[in-house]
Q: 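This is the structure I want to talk about, given as structure tokens.
Here the structure is a predicted model, which is why all the values come from computation and not from measurement. Note that these values count all heavy atoms, side chains included, but never hydrogens, waters or copies made by symmetry.
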Amino acid sequence: MDINQAIMLVPYITFFLMLGTFRSSDTIAVDQHISDGQTIVSGNAKFELGFFSPGTSKNRYLGIWFKNTSSQTIAWVANRETPLIDTSGTVKLDSQGNLTLVNGSGKVICHPTPQHLVQISIL
């Protein structure tokens, strides 16, 4: 590779390095989804968002819990009144910034309101 070819690669390398810098594992992008089995950990590694089953229950809930504690301590639950009955749940952020929890059939199970999100920010 000659010097001219190397110079032409600099913008591409810079772009990919910047992409890695701006991408964060503690956020959900618009139209990104999180499936059961996937989680997002807060930037300070104190909280984790994902699906869980309390105790021996087979019901699945979307929640936030304290990370790195000896027992799972739940801080917030999105679908307390309407649990999922299997692991087909998905949560996504729509273009208006709303979280939507759907089951495997695509039926909306929960659409947390801004009041729910205020409770999250208090934590």
Side-chain angles (χ1 to χ4, degrees):
M1 176 183 302
D2 67 15
I3 189 71
N4 290 333
Q5 289 174 321
I7 290 172
M8 290 179 65
L9 287 177
V10 170
Y12 297 105
I13 294 170
T14 303
F15 172 76
F16 285 111
L17 289 174
M18 288 175 55
L19 186 64
T21 303
F22 293 127
R23 196 174 142 201
S24 178
S25 62
D26 64 350
T27 58
I28 302 174
V30 171
D31 295 325
Q32 176 186 359
H33 70 276
I34 298 171
S35 300
D36 199 319
Q38 299 176 317
T39 63
I40 293 181
V41 178
S42 65
N44 63 6
K46 292 186 179 187
F47 300 99
E48 190 167 16
L49 174 124
F51 293 90
F52 71 96
S53 291
T56 59
S57 173
K58 292 187 180 193
N59 290 335
R60 301 294 288 166
Y61 299 90
L62 173 67
I64 297 175
W65 55 87
F66 292 94
K67 188 163 178 60
N68 301 322
T69 58
S70 57
S71 63
Q72 189 179 47
T73 304
I74 307 300
W76 176 79
V77 177
N79 58 321
R80 185 180 310 271
E81 301 297 322
T82 52
L84 295 161
I85 58 171
D86 58 26
T87 59
S88 66
T90 302
V91 65
K92 69 178 185 173
L93 185 67
D94 68 19
S95 60
Q96 278 88 35
N98 300 309
L99 285 175
T100 303
L101 173 61
V102 296
N103 65 13
S105 301
K107 178 183 175 191
V108 174
I109 300 299
C110 181
H111 197 72
T113 64
Q115 292 169 336
H116 286 106
L117 302 178
V118 169
Q119 291 173 358
I120 292 172
S121 66
I122 291 171
L123 297 174

Q: Is there a side-chain contact between W65 and T73 (heavy atoms, below 4.5 Å)?
A: no
Q: Between R60 and D36, is there a side-chain N and carboxylate O pair less than 4.0 Å apart?
A: yes
Q: So, does T39 use its side chain to make a donor-acceptor pair with the main chain of L49 at under 3.5 Å?
A: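 Judged by distance alone, no pair lies under 3.5 Å.
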Q: Do K46 and F66 touch side chain to side chain, with heavy atoms closer than 4.5 Å?
A: no
Q: I'd like to know if the side chain of N79 and the backbone of L62 have a donor-acceptor N/O pair within less than 3.5 Å.
A: yes
Q: Could you measure the distance from the OG1 atom of T27 to the CD atom of Q32? Nearest 0.5 Å is fine.
A: 7.0 Å
Q: Would you say the rings of F51 and Y61 are close, in the sense that their centroids are separated by under 6.0 Å?
A: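 No, ring centres 6.0 Å or more apart.
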Q: Rounded to the nearest 0.5 Å, what separation is found between the CG atom of L101 and the CD1 atom of I109?
A: 6.5 Å
Q: State the CG-OG1 distance between D94 and T100, to the nearest 0.5 angstrom.
A: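 The OG1 atom of T100 is 5.0 Å from CG of D94, to the nearest 0.5 Å.
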Q: Within the 4.5 Å heavy-atom criterion, are F47 and I40 side-chain neighbours or not?
A: no
Q: side-chain contact (heavy atoms from CB on, under 4.5 Å) for T90 and I34? Distances and angles first, verdict last.
A: CA-CA 6 Å; T90 302; I34 298 171; over 6 Å; no
Q: Measure the NZ-OG distance between K107 and S88 for me, rounded to the nearest 0.5 Å.
A: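 Rounded to the nearest 0.5 Å, the NZ-OG separation comes to 12.0 Å.
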Q: Which ILVMFWY residues are connected to V102, directly or by a chain of links, through side-chain heavy atoms under 4.5 Å apart?
A: V108
Q: Shared ILVMFWY cluster between L93 and I64, side chains joined below 4.5 angstrom?
A: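 Yes, L93 and I64 fall within the same hydrophobic cluster.
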Q: Tell me if the CD1 atom of I85 is crowded by more than 12 foreign heavy atoms within 6.0 Å.
A: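 It does not: I85 CD1 has 12 such atoms or fewer within range.
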Q: Measure the spacing between CZ of R80 and CG of N59 and express it to the nearest 0.5 Å.
A: 13.0 Å
Q: Nearest 0.5 Å please: distance from the CD atom of E48 over to the NZ atom of K67.
A: 4.0 Å
